[in-house]
Chemist: 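Take a look at this one; I'll ask things after.
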Amino acid sequence: MSDELDRAAAEIRKRAYAPYSRFQVGAALICDGQVHVGCNVENAAYPQGNCAEASAIAAMVASGGRRIDAIAIAGPGQVACTPCGGCRQRLREFGQPDLVVRMVDEDGRLVMARTLGELLPDSFGPEHLG
């Protein structure tokens, strides 16, 4: 399933709307066996754009999902495209610290894998609110 997720992230990356930064990112996640994808969408009125992870999470929530079981993020080149701080917290809202975040290159090849706990140590999650 990881290969399929990695390829889905790389494919949706190609649809990103990034005319200003030219930094296209794609994300694919699995929730209850269903793949949800998203890409970054920039806006001339910074910071009104959406990150790829936020777009994929929105697609998951819109279809009724509430828990990320797996995720892959594809960025340009051969360097790992790690989630920004805001997206790390967004992932934490719907994922546990042991969620593996796969970062792949533009061809869908694995560059780095980290748990959400490694990316966002000592995180604050929904369970802290009761």
Chemist: Can you tell if the side chain of Ile30 reaches within under 4.5 Å of the side chain of Gln34, non-hydrogen atoms only?
Modeler: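 A side-chain contact under 4.5 Å is absent here.
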Chemist: Using a strict threshold of under 4.0 Å (side-chain N to carboxylate O), is an ion pair present between Asp6 and Arg102?
Modeler: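 Salt bridge: yes.
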Chemist: Are Phe94 and Leu119 connected into the same hydrophobic cluster when the rule is that any two of I, L, V, M, F, W, Y join if their side-chain heavy atoms are below 4.5 Å apart?
Modeler: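 The answer is yes; both residues are in one hydrophobic cluster.
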Chemist: Less than 4.5 Å apart, any side-chain heavy atom of Arg15 and any of Gln24?
Modeler: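 Side chain of Arg15 against side chain of Gln24, heavy atoms only: no contact under 4.5 Å found.
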Chemist: Check Val35 against Ala8 and note the closest heavy-atom contact, atom names and distance.
Modeler: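 Looking at all heavy atoms of both residues, the closest pair is CG1-CB, 4.4 Å.
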Chemist: To check you understand the geometry: which heavy-atom pair defines the closest contact between Gly33 and Asp69, and what is its length?
Modeler: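 The pair with the smallest heavy-atom distance is N-OD2, 4.5 Å.
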Chemist: Heavy atoms, side chains only, cut-off 4.5 Å: are Ile73 and Val104 in contact?
Modeler: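 No; the side chains remain at least 4.5 Å from each other.
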Chemist: What do the steps show when you test Val101 against Thr115 for side-chain contact (heavy atoms from CB on, under 4.5 Å), and what is the final call?
Modeler: CA-CA 6 Å; Val101 180; Thr115 66; over 6 Å; no
Chemist: Quick test of your reading: applying salt bridge (charged side-chain N to carboxylate O under 4.0 Å, His left out), list the pairs with at least one residue in residues 114-130, sequence neighbours left out, ordered by first then second residue.
Modeler: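 Sorted pair list: Arg92-Glu127.
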Chemist: Say whether Val41 and Tyr46 are linked into one hydrophobic cluster, either directly or through other cluster members, by side-chain heavy-atom distances under 4.5 angstrom.
Modeler: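 Yes, because Val41 and Tyr46 connect within a single hydrophobic cluster, where side-chain heavy atoms sit under 4.5 Å apart.
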Chemist: Does Asn43 reach the side chain of Tyr17, with side-chain heavy atoms less than 4.5 Å apart?
Modeler: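 They are not in side-chain contact.
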Chemist: Quick one about Glu42 and Ser21 (side-chain donor to acceptor, distance below 3.5 Å, no hydrogens or angles considered), yes or no?
Modeler: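 A pair is found: one side chain offers a donor N or O, the other an acceptor, under 3.5 Å apart.
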Chemist: Grab the two heavy atoms, one from Ala9 and one from Ala72, that are nearest each other, plus how far apart they are.
Modeler: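 What the structure gives for the nearest pair is CB-O, 3.6 Å.
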Chemist: Contact between Cys39 and Ile12 at the side-chain level, heavy atoms closer than 4.5 Å - yes or no?
Modeler: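 Side-chain contact under 4.5 Å: yes.
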Chemist: Considering only NZ, NE, NH1 and NH2 on the basic side and carboxylate oxygens on the acidic side, decide whether Glu53 and Arg90 come within less than 4.0 Å.
Modeler: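 Salt bridge absent between Glu53 and Arg90.
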Chemist: Got Ile68 and Met60 here, is their nearest side-chain heavy-atom distance under 4.5 Å?
Modeler: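 Heavy-atom side-chain distance check passes, below 4.5 Å.
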Chemist: Out of curiosity, His36 NE2 to Leu5 CG, how far, rounded to the nearest 0.5 Å?
Modeler: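 Going from NE2 on His36 over to CG on Leu5, the span is 11.0 Å.
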Chemist: Do any side-chain atoms of residues 77-87 form donor-acceptor pairs under 3.5 angstrom with protein atoms, and if so which ones, sequence neighbours left out?
Modeler:
from: Thr82; atom 1: OG1; to: Arg88; atom 2: NH2; distance (Å): 3.4

Chemist: Does any part of the side chain of Leu120, heavy atoms only, come nearer than 4.5 Å to the side chain of Leu91, both counted from C-beta?
Modeler: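 No; the side chains remain at least 4.5 Å from each other.
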Chemist: Check whether any side-chain N or O of Asn40 sits under 3.5 Å from a backbone N or O of Val25 as a donor-acceptor pair, and report yes or no.
Modeler: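 Yes, Asn40 side chain to Val25 backbone: donor-acceptor pair under 3.5 Å.
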Chemist: Could you check if a side-chain atom of Leu99 sits within less than 4.5 angstrom of a side-chain atom of Ile71, using non-hydrogen atoms only?
Modeler: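 A side-chain contact exists here, since the closest heavy-atom pair is under 4.5 Å.
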Chemist: Check for a donor-acceptor pair, side chain of Asn50 on one end and backbone N or O of Ala54 on the other, with a separation under 3.5 Å.
Modeler: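 Not a single qualifying donor-acceptor pair exists.
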Chemist: Do any pairs count as a ring pair (Phe, Tyr, Trp, His ring centres under 6.0 Å) and have a residue in residues 111-130, sequence neighbours left out, and if so which ones?
Modeler: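 Pairs touching residues 111-130 that pass the test: Phe124-His128.
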